[in-house]
Amino acid sequence: MFEGLKVLLVEDDPTVREGSEQALQLAGLDVQAFHSAELAYKVLAPDFPGIVVSDVRLPGMSGLELLAAVKALDANLPVILVTGHGDITMAVQAMRTGAYDFIEKPYSSEQLVDVILRALETRRLTLEVHSLRRQLEDGGGIESRLLGNSLAMRDIRRLILDVANEPADVLIYGDTGTGKEMVARCLHDFSHRRKHNFVAVNCGAIPENIFESEVFGHETGAFTGAAKRQVGKIEHADHGTFFLDEIESLPLSLQVKLLRVLQERYIERLGSNIATPVDVRVVAAAKLDLEELSQQQKFRSDLYYRLNLIVLHLPPLRERREDIPMLFEHFVLAAAARYNRAPPIVSSAQMHNLMAHNWPGNVRELRNIAERFVLGIAGGNGLLAAGQGVTLSLAEQVNGFERALIEQELRNYAGNVSEVSNVLGLPKQTLYHKMQKYNLVAEEFR
C-alpha cells in the first residue's frame, strides 16, 4: 500500500510496543520499533521516507522533545503522539506546534492503523512534491518532460532521441494544446545544441509588417524608428534551435524569405546587403496539414517539402486516455509545489469524469484543470466539482474508458467497422458485440 514508506514507533513499554508493532505489521506496514526517542532520532534525515509515532512520556528525551527535534530536521515529517489520559491538553498544544495527530491510551489497533495510514498518505504526497520540484529544477530525463506510457508517447520519445542530433529540420503536427513546443524544446535540450539558444516565434502572433525586422533583424536607419541595430531571432538562435509555431499562418510573401534562409543558411538584416551565415536547426509546428494547404496554394509547396524531412505527429489527449491519470497527478503535484499547497486527492468518480471528457484543449486544458483543482476553484468546469458524479467500481470505469475509445475510433474512421477493428486489434465479431453492449451504431458516425 505504501511501498518504501516506514513507520518509526517509539514506546518504552515493551508490551505496548510489541502489540502495536504487530498490529501495524498485520496491516501490511513496514514498522521499526524503538524503546527510546534518542535511538529513533538517529535513523531520521530530511525527506525521511516515513513517519514517526511516539509516546509522550519517555525516559530521557520525551516525545515532545522528539517532536521539536523532528520539526527542526524536516518540518513536513508527520509525528503522531501517543498520550495518557491526563495529557490531552498537552497533546492539543503539541498539535499547535506541529504534531500531525495524537492518540489517547488505551487505543485499539484499528484506531492506530487508521491514523497512521492518513499520515503515510500525507507523507507520500509530500515526498512526491519534493521529488517533482527537484525534477523541475534539474530538468530530468525525457520521460519527465513528455509524460505518458501510451504507445504513441513512447514512440515519440524514442524518435526524439533518435533524431535530436540530426541536422535535418523537423515538422511537428498536433492540435492546440498537445505540447508541440515542449517536443521542440526536447529536440533542442537532448541535442548537442542545448548549450545555445532555443528561440520560439509564433507566426500568427507577430504582425506581418514587423515580422521581417523581428526574425531577420535590421540595421540602424533601415526604416523610420530603427534607431539602432537589432539582431533578429534567427541570428539569436545561431548554433541553437529556431522554433516556428503555427507556421501555416505565415503569409506567402514571408514564406519565400524563410525558404531562402532554410536553403542557404544565411540571413540579411533589413537595410543591409551583407549575408550573415547562421547554423540553426529549424523546428516548425502546425495544426493543419501543410501538404493539403500547398495543394490549395495556401502554403508554398517548396517550403513544405523543405520542412517535411522529419515529421512528428502528436496525438490529441482523447486518443491516449490511458495517460490521463499520470498526467493529472503530475500537474497536480507541480501546481502544489508551485503554490506551496497540499496536493488534494482525486476521487474515483472525479477520475472517471476526467477519463470520459473529450479534451478539446488537450494537455493544456488538463493542466489548467489540475491547477484549478489545487487552488480549490475546480467547480467551474464541472469535471471535479465537489460531489460530482458517483463513486464507480473498477469495472464501471474500465467500461467507460472502453466505450469512449471505441466511440472515438468510430468517429475517426467514419463508422468503418473494418478499419476500427484493425486499429483496435479486435476481431469484428468482438467489436460488434462491444458496440451492441454500449449502444453504439456505426451508421451514426458516417
Side-chain angles (χ1 to χ4, degrees), residues 139 141-142 145-146 156-174 179-206 210-220 222 226 228-286 290 299-312 314:
I142 193 169
R145 304 277 295 279
L146 293 174
I156 287 169
R157 288 195 295 263
R158 183 175 63 251
L159 184 55
I160 287 172
L161 296 178
D162 286 345
V163 306
N165 281 320
E166 297 296 333
D169 299 328
V170 178
L171 178 59
I172 304 170
Y173 282 113
K180 297 186 289 295
E181 183 167 348
M182 177 59 73
V183 169
R185 286 187 177 275
C186 285
L187 284 165
H188 174 81
D189 292 343
F190 292 94
S191 75
H192 62 270
R193 297 178 179 272
R194 60 184 171 272
K195 294 182 180 180
H196 301 281
N197 292 328
F198 175 91
V199 180
V201 170
N202 188 311
C203 297
I206 301 179
I210 66 170
F211 186 90
E212 286 187 74
S213 173
E214 287 289 318
V215 172
F216 303 114
H218 63 254
E219 296 290 345
T220 303
K228 61 180 180 178
R229 171 195 278 185
Q230 175 174 303
V231 172
K233 293 187 180 296
I234 295 180
E235 191 174 352
H236 185 55
D238 191 30
H239 297 292
T241 301
F242 183 52
F243 175 56
L244 288 157
D245 198 8
E246 296 187 14
I247 195 169
E248 70 271 24
S249 64
L250 190 65
L252 291 170
S253 60
L254 296 175
Q255 289 179 26
V256 65
K257 297 179 180 181
L258 177 63
L259 176 63
R260 186 178 181 185
V261 174
L262 297 184
Q263 291 175 332
E264 306 297 338
R265 298 292 162 168
Y266 69 80
I267 57 102
E268 290 182 5
R269 300 190 193 101
L270 290 178
S272 172
N273 294 320
I274 299 174
T276 303
V278 288
D279 172 16
V280 65
R281 202 238 189 114
V282 175
V283 179
L290 297 187
F299 195 88
R300 291 186 63 96
S301 60
D302 46 4
L303 178 56
Y304 162 67
Y305 288 115
R306 188 66 184 80
L307 292 170
N308 193 48
L309 299 174
I310 298 173
V311 181
L312 293 173
L314 300 187

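Every heavy atom of this structure was used, including side-chain atoms; hydrogens, water molecules and symmetry mates were not. Just so it is clear, the structure is predicted and the values come from calculations on it, not from any experiment.
- For His196 (side chain) and Val280 (main-chain N/O), no donor-acceptor pair under 3.5 Å exists by modelled atom type.
- Across all non-hydrogen atoms, the minimal contact from Glu268 to Tyr266 is OE2-CE1, 4.1 Å.
- Side-chain N or O atoms of Lys228 include none that pairs as donor or acceptor with a backbone N or O of Thr220 at under 3.5 Å.
- Counting all heavy atoms, side chain and backbone alike, Asp189 lies closest to Arg194 at O-CD, 3.1 Å.
- Nearest heavy-atom pair across Ala237 and Phe242 is CB-CB, 4.1 Å.
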Please step through side chain to side chain contact (heavy atoms under 4.5 Å, CB included) for the pair Phe299 and Gln255, ending with a clear verdict.
CA-CA 8 Å; Phe299 195 88; Gln255 289 179 26; 3.4 Å; yes
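- Listed for the Arg281 side chain is a donor-acceptor partner under 3.5 Å among the backbone atoms of Ala164.
- Note: Arg260 CZ to Asp302 CG = 13.5 Å, rounded to the nearest 0.5 Å.
- The distance from the CG atom of Leu250 to the NZ atom of Lys257 is 10.5 Å, given to the nearest 0.5 Å.
- Here the NE2-NE2 distance, from His239 to His192, works out to 10.0 Å after rounding to the nearest 0.5 Å.
- Ring orientation note: the planes of Phe243 and Phe198 are close to parallel, at an angle under 30° on the 30°/60° scale.
- To the nearest 0.5 Å, the span separating CD1 on Ile172 from CG on Leu244 amounts to 11.0 Å.
- Partners of Glu246 under the side-chain hydrogen bond (donor to acceptor under 3.5 Å, both in side chains) rule, at least two apart in sequence or in another chain, do not exist in this structure.
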Side chain to side chain contact (heavy atoms under 4.5 Å, CB included) between Val261 and Phe216: does it pass, once the steps are laid out?
CA-CA 9 Å; Val261 174; Phe216 303 114; 3.5 Å; yes
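- Residues Leu159 and Val311 share a closest heavy-atom pair of CD2-O, 4.1 Å.
- Here the closest heavy-atom approach between residue Ile267 and residue Glu235 is recorded as CD1-OE1, 3.7 Å.
- Closest approach of Ala184 and Val283 over heavy atoms only: CB-CG1, 3.9 Å.
- A donor-acceptor distance shorter than 3.5 angstrom exists from the side chain of Asn202 to the backbone of Gly204, with no hydrogens or angles considered.
- Electrostatic pairing of Arg306 and Asp169 counts as a salt bridge here, judged by a charged N lying under 4.0 Å from a carboxylate O.
- Between Leu262 and Leu303, some side-chain heavy-atom pair lies under the 4.5 Å cut-off.
- Between Val199 and Ile234, the closest side-chain pair of non-hydrogen atoms is not below 4.5 Å.
- Not a single donor-acceptor pair under 3.5 Å links the side chain of Asn197 to the backbone N or O of Gly240.
- For the pair Arg193 (side chain) and Asp238 (backbone), a donor-acceptor distance under 3.5 Å is absent.
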Would Ile142 and Ile160 satisfy side chain to side chain contact (heavy atoms under 4.5 Å, CB included), going step by step from the backbone distance to the final call?
CA-CA 9 Å; Ile142 193 169; Ile160 287 172; 3.8 Å; yes
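- Considering CZ of Arg145 and CZ of Arg185, their distance stands at 8.0 Å, rounded to 0.5 Å.
- To the nearest 0.5 Å, the span separating OG on Ser301 from CG on Asn308 amounts to 11.5 Å.
- Shown here are the ring-ring contact (aromatic ring centres under 6.0 Å, His included) partners of Tyr173, two or more places apart in sequence or in another chain: His313.
- Counting non-hydrogen atoms of neighbouring residues, nucleotides and ligands closer than 6.0 angstrom, the CG atom of Asp162 exceeds 12 such neighbours.
- Arg157 places a side-chain N or O within 3.5 Å of a backbone atom of Leu146 that can act as its donor or acceptor partner.
- A heavy-atom distance below 4.5 Å is found between the side chains of Val170 and Leu312.
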For side chain to side chain contact (heavy atoms under 4.5 Å, CB included), just list the numbers for Arg300 and Leu252, CA-CA rounded to whole Å, side-chain angles, deciding distance to a tenth of an Å, and then say yes or no.
CA-CA 7 Å; Arg300 291 186 63 96; Leu252 291 170; 4.0 Å; yes
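- Residue Arg269 is tested with His218, Glu219, Gln230 for a side-chain hydrogen bond (donor to acceptor under 3.5 Å, both in side chains); the sole match is Glu219.
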